[in-house]
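Notes follow the structure.
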Number of protein chains: 2
Amino acid sequence: MAVERWTPERRRQHTRDLLLDAAQDVFARRGFEGASLEDIAEVAGFTRGAIYKHFANKAELFLAVNERFNERALIAFADMLEHDLAGDENAALARKWREVLAPERDLLALGMEFNLYVLRHPEMRAQVAEHRRRLPGMIAAFMEQRAATTGITLRLPAITIARVILAASDGLAFSAEFDDDDLYEPFLELLNAALPAD
Amino acid sequence: MAVERWTPERRRQHTRDLLLDAAQDVFARRGFEGASLEDIAEVAGFTRGAIYKHFANKAELFLAVNERFNERALIAFADMLEHDLAGDENAALARKWREVLAPERDLLALGMEFNLYVLRHPEMRAQVAEHRRRLPGMIAAFMEQRAATTGITLRLPAITIARVILAASDGLAFSAEFDDDDLYEPFLELLNAALPAD
DNA sequence: ACTCTCAGATACATGAGCGTATCTTCGATA
DNA sequence: TATCGAAGATACGCTCATGTATCTGAGAGT
């Protein structure tokens with residue numbers, strides 16, 4: 001198909017995206033307080049003026065980065081659940097999981113930074129709650145369908161298990177980066193053993 | 001026994017402790033970059049001058065806080081493992097675990113902040129590595145002994161399971177604070193089901 | 001071709017925080 | 001009682017970052 005016309009709105013969106021890219025990069029490396037708008041603008045190839053045309057202040061920029069980040073993670077995860085892991089074994093599954101949820105150290109740091117931010121800013125809980133609801137829902141649906149085709153009964157409600165998996169996920173990712181010690185696979189092995197009710 | 005004499009060294013240690021208390025408080029609430037030495041000193045009832053008599057700079061203060069914090073957590077955890085949970089059921093165990101490892105929101109935030117810090121400062125990995133080795137070791141020993149008395153064989157090496165548990169722990173704590181959703185208990189239930197080899 | 005709007009750059013005011021250098025005061029020792 | 005040392009307070013310099021206010025230039029519409 002033909003590429004989008006280069007209209008002014010499109011141009012604006014484009015620089016906005018560039019700014020978000022740069023912001024994601026710098027926030028990930030330096031953290032929210034540690035990152036300076038000056039740095040971000042420079043990485044994007046603009047000046048601070050550009051940032052303030054697009055975002056009210058530093059916090060809004062940070063929020064926007066994370067909104068996009070979460071949205072993308074959600075899509076990637078859904079994609080993985082649908083296509084990739086038809087009949088995979090633990091090892092392959094672990095690898096894919098890791099790739100999707102914690103692709104690299106900087107992104108992991110960004111996620112942790114964001115978690116900290118919302119922990120310290122309870123007024124944003126509502127905004128984040130939706131994302132935190134959708135992800136376990138997807139996993140639960142996937143597990144239920146799996147359980148049905150393989151004919152097992154789950155020991156606990158799928159949604160509960162999904163929440164546990166997601167909660168554990170961050171810690172596993174951190175451990176992988178820090179101790180470089182792959183705990184995804186043992187975790188999945190334990191999980192597999194634990195799921196079927198007696 | 002008689003209380004310690006009020007010698008100069010003791011006095012110095014005392015204010016050092018007060019400074020660490022205040023620093024822990026402020027770092028937990030504002031984060032490393034967000035906290036100001038001015039605030040910390042004021043909370044402790046001193047001025048910045050006192051801080052610089054005891055610590056070289058902000059980073060060293062932060063490190064000292066976390067050293068003490070980790071040390072205490074280790075002791076509390078060891079204590080719990082030895083005494084409290086002789087024959088407890090999941091519910092009680094979950095509660096105690098939670099109390100020890102994530103007693104309140106601010107402390108959780110502090111731990112996350114520290115994790116982020118070391119993630120971004122690889123040169124400190126050596127310092128932290130020791131703490132990250134001792135904790136799983138303790139848990140592994142506990143589990144092996146448990147397994148022996150109850151006569152089950154573990155599905156995976158105890159140390160691996162211990163690492164998984166600890167990795168998961170942070171995420172569970174966060175979920176508890178944020179979603180206020182207690183996942184410790186379901187996690188333990190799954191774990192119990194998963195541990196015995198077939 | 002002309003103007004007008006708006007994206008982005010430049011300039012500015014302000015403040016906060018770190019680290020250092022210099023006091024001051026209080027208790028220990030002689 | 002006089003001196004000395006060190007804990008902690010005060011004072012200073014300096015950098016850096018945020019937010020706002022103003023300027024400039026390019027492209028869209030007439």
Problem set entry | Within-4.5 Å side-chain heavy-atom neighbours: B:Ile40 and B:Leu61 |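 A side-chain contact under 4.5 Å exists here.
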Round to the nearest Å and state the distance from [X] atom [atom1] to [N] atom [atom2].
X       : N      : atom1 : atom2 : value
B:Arg16 : D:dG8  : CZ    : P     : 12 Å
A:His54 : C:dC6  : NE2   : C1'   : 10 Å
A:Ile40 : D:dC16 : CD1   : P     : 17 Å
A:Leu61 : D:dG19 : CG    : C1'   : 14 Å
B:Arg10 : C:dA28 : CZ    : P     : 15 Å
A:His14 : C:dA7  : NE2   : C1'   : 14 Å
A:Gln13 : C:dC6  : CD    : P     : 16 Å
A:Arg12 : C:dT5  : CZ    : P     : 17 Å

For this session: Report, as yes or no, whether the 6.0 Å neighbourhood of atom CD on B:Glu42 holds more than 12 heavy atoms from other residues, nucleotides or ligands.
Result: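 It does not: B:Glu42 CD has 12 such atoms or fewer within range.
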Exercise. Does NE2 belonging to A:His121 count more than 12 external heavy atoms closer than 6.0 Å?
Worked result: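 Atom NE2 in A:His121 is packed in, count exceeds 12.
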Looking only at non-hydrogen atoms, find the nearest pair between [X] and [Y] and report the distance.
X        : Y        : value
A:Glu33  : A:Lys58  : O-NZ, 3.4 Å
A:Arg163 : A:Pro136 : CG-CB, 4.2 Å
A:Met124 : A:Tyr117 : SD-CE2, 3.3 Å

Problem set entry | Protein proximity profile, nucleotides 9-18 of chain C - base contact B, sugar-phosphate-only contact S, no contact -, cut-off 4.0 Å on heavy atoms | BBB-----SB
Exercise. How do B:Leu19 and A:Ala59 order along DNA chain D: which one's closest nucleotide is nearer the 5' end?
Worked result: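 Mapping each residue to its closest nucleotide by heavy atoms, the 5'-most match is B:Leu19.
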